[in-house]
Each structure stands twice: as structure tokens, then as C-alpha cells.
Amino acid sequence: MMSPTAALAAIGRPALALLAAIGRLALFVFDTISHLFRPPFYLKELRDALVSIGYFSLPVVGLTAFFTGGALALQIYSGGARFNAEAVVPQIVAIGMVRELGPVLAGLMIAARVTSSIAAEIATMKVTEQIDALVTLSTNPMKYLTLPRVLAATIAGPILVGVADIIGIFGGYTVATGRLGFNTAAYLQNTVNFIEFTDITSSLVKGAAFGFIAAVMGCYYGMNSGRGAQGVGQATKLSVVAAAVMILAANYMLTGLFFTS
Amino acid sequence: MIKLDNVYKSFGNNHVLRGVDLEIQRGESMVVIGGSGTGKSVTLKSVLGLVTPDSGVITLDGEDVTKAERDAFLARFGMLFQGGALFDSLSIWENVAFRLLRGSLKRPKAEAREIAIEKLRRVGLKPEVADQFPSELSGGMQKRVGLARAIAAEPEIIFFDEPTTGLDPIMSGVINELIREIVVEMGATAMTITHDMTSVRAIADKVAMLHEGVIQWTGAVADMDTCGDPYVEQFIQGRAEGPIEAVR
């Protein structure tokens, strides 16, 4: 039978490990943000990261939002028909896309596309001594690699979410007016009338938070990857899982913050 | 002068450095030899601050390297990494001129490119490779680019980490000659780690043998063959029998 001290140790060890991991991540975030206020600033790297993270994520975010908006319109129409509420399709598509699905799906797509690529790239740089080379060339890897990516993702996040919201609503509009017989002008009017300023604000704030989380997790796991191909693979996998879970948790907290009083 | 005084470093239960003492005089080319996993790379990285020793003191011209102003300290160094460590996302000339395009040594872009092309020429590469990317070059060419990058800012001290690993004997000879020529012509202090004895004879003024985390022997390269140290003799003769345990 397990002794009381062994039982306590079995609980204490993972708890301490978890706290240590949270502490390491917090220090990493603090270190990253601190470089925002200390020169030199690598503007070319920021521009490149904005193009790579923002511009090249537009197709996947747009397609995801379009099909989700369309599917949402079909679901609301068939579900609403059970209590004669088919007419609420424009309102529910709008609120669903702007408040929840736009930010969350864009966030998860950023995690899938951007977090994985950042983690794999930085982990490979670590394994091939490119990070050490940066240091010997008097360049701080946090400033040169991490900050531009985190900043770019935080700027691109709200833009991508805004695009996802619009394309998602357009997906619902296309299905509702093309297949479900809604009047085009009335659909748009209902959508515009129903969305409130807070809906848009919350959506964009979520975009910034999710972009920040996605990039931080990619950089953190990349910088702390193990050796060899296995280390790179492990870092990539863990970064995407951690980013996705944290995005969903942050979404819950931000929704609570914006929409409950 | 670089001085390591009683330097210890462990990774968990793996005690890599167990009291390393080593001195490298200004303008001298020191080669540290030793088997794989004996702590050669850790020694070199400790000097640069890429690895923090558990105890002991490393000084450069009498100043503790951990207390030196980081940018000014690193500006004195150039390093050729074992695998080149070229930045995949940058063109060859941008790799070579990396230091000249940012930071305290920043130059205008055109001037940095000119210097990069000149350094590429110095290591035997044509200007045409300047706009290529590292993945388009062979291993030997990547080593040369790494060498060009190491010397681009004309450092006082150059470190070479296994400069000939993975190269064919002819290319190894070319790289060894280049290193020797460049170190002499720049008057730089050099520290090389290798287990390639051809490199040792081509590059070294002095040799230090690292084994089991301590310097077993150090002396002039000319004295290496007759030093009488059993560790050095076994290593340079490549014998399986001797005080250095060989895993079969």
C-alpha cells in the first residue's frame, strides 16, 4: 500500500511541474513583450511575418468561414422550422459568426497553420544551431524571431477574424438567398440591424488574443524543442495542441467578460 | 587572451566539464582535440556564453565574460558552426553580411553586399552564389559561406567547431588551408575543436587534449607526436587499445 508521503509526492510532483511550466511560459511572454520597448527593432522581419501570418492565412480562414456560414444557415433554417422560426436565419448567422464562430474558427485555423509553422521553423533553427549562430552574431533570438512573429499575429488576428466574420455572413447569405428563398435586401437589412457594436468589438479583441496565443505557443515550443527530427515533431505537435486548447479557454473567458454582467 | 579557470558544467547526471583549465594567447591558433562527447563543443560554447558553466571563471583579456557588455563582447568574435548554421530564409550574401545589415556594425545595404561578395571571393566562391540560398549549395560550399560569415566583420577571435566534419578529404584540405591562411592574414586568435588530425596539423599552433572533462595535455603542435602522454598518443594514432576506453 502507498505510504501517505508517497501519495502526497505523487500529487505534488505533477502540480509542481505544472506550476513550473506556467512560470516558464509567463517568463517567456514577459521577455517577449519587454523587447517591444527596447531597440533595435526588426521592421523587415515584422513585415515578412505580417505577410506570412496574415496575408497567406486569408484563403484558409476565408474558406473555413464561408462553408461554416453556409452550414450554419442550413442548420438554423431546419432547426428553426421546428417552431416556425425560419426567419431568424440572418440574425443568428450574424450573431453566431461575429460573436463565436468567426473568432474561434479563425483562431483555430491560425493555430493549425501559423503555430505549427512557427514551431517547426524555430525548432529546426535550434536543432541546426541557427539560434546559436544568431547569438554569436550579436542578435537576440527573442527580439529577432519571437517578437516580430508575436506582434504580427496579434495585429493580423483581428484582421483575419474581421474577414472571417464578413465571409461567414456572406456564406450564410449565399445559402439563405440561393437555396432557402430569402429576400436578398431583407437578409442584409436584418443582419446589419441585429449586430451591435459590442459584438464587433468582442470579435476583434478575441482575434488579437487568439493571434497572440497562437504565435507565443509556436515560438515557445520552438525555442524549447528537443534534439533531432523527433524534437522538432514533438515541439510542433505540442504547440498546436496547446495553442488550440488555450484559444478555446480564452474564448470562454472573453465571452464571459463581454457578454455576462 | 582567453583563459578558462577550473570550469565545470553538468547536464543532469552527465558531468561534461570537470575542471577545465586552458589559456589561449592573443594571435595564437589553439586546437582542442578529443573524442566525441568529451565536452569540446561545451567548452567552446561556454566561452561565448551559449552555455553557462556551473562553476569556474572564463576571462577575455582579464575580464569575466559573464560580466562583459554582451554586444561589444560578441562583436569581437566570429564563429564557424559544424553544420554551417546558415539561415535558410536569407540569401547567401545576406547570411554573410548578417552582422553588417543590423546592430552596431550596420552599414548601407550596397556596401554590406560588396563586403559579402568580397568575403565570398576570399573563401573561393564566385559572386554568382551571392543571390542563391543555402539549400542550393553543397556541404563544402555551405562551410565556405559559414567561414565567410565568420570573418565578415573582421573579428579578433574566430572559433571553428568541427570545420571539416562531413567533407571529403580534398574539401577538408581546402577548408583547413583557408582557415590557416585567414587566421594568419587577419592576425586573429583562433580556437578550433576537432577530432580530425589532418586539421590539427594544418591549423594549430598549440594543441589541447580534452578527455573526461579535463585538459589531459597541452603543448605546441610540433611536440604533439613526441609528448609521451598516453592519451594523446592513443588519440593521434587512432588505436583502440590504451587509457581512452573505446566502446565496441
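Proteins get letters first, then strands, A, B, ... in listed order; numbering begins at 1 in each.
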Decide if atom CD of Gln230(A) counts as having more than 12 heavy atoms of other residues, nucleotides or ligands within a radius under 6.0 Å.
no

Do any of residues 123-149 of chain A have a heavy atom less than 4.5 Å from a heavy atom of chain B, and if so, which, in residue order?
Met125(A), Thr128(A), Glu129(A), Gln130(A), Asp132(A), Ala133(A), Leu134(A), Val135(A), Thr136(A), Leu137(A), Ser138(A), Thr139(A), Tyr144(A)

In terms of heavy-atom proximity below 4.5 Å to chain A, should Phe87(B) be classed as side chain, backbone, both, or neither?
both

Only counting residues at least two apart or in another chain, list the ones meeting side-chain contact (heavy atoms from CB on, under 4.5 Å) with Ser10(B).
His15(B), Asp54(B)

Counting only heavy atoms not in Tyr252(A) (residues, nucleotides, ligands), do more than 12 fall under 6.0 Å from its OH?
no

Under a 4.5 Å heavy-atom cut-off, does chain A meet the side chain of Leu100(B), its backbone, both or neither?
neither

Contact part of Asp88(B) toward chain A, heavy-atom cut-off under 4.5 Å: side chain, backbone, both or neither?
both

Answer key: most heavy-atom pairs under 4.5 Å with chain A among Arg70(B), Lys45(B), Met79(B) is Lys45(B)

Report yes if some heavy atom in the side chain of Arg102(B) is under 4.5 Å from a heavy atom in the side chain of Lys44(A); otherwise report no.
no

Which bit of Leu105(B) comes within less than 4.5 Å of chain A, counting heavy atoms only: side chain, backbone, both or neither?
neither

Whether over 12 other heavy atoms sit under 6.0 Å from Arg38(A) CZ:
yes

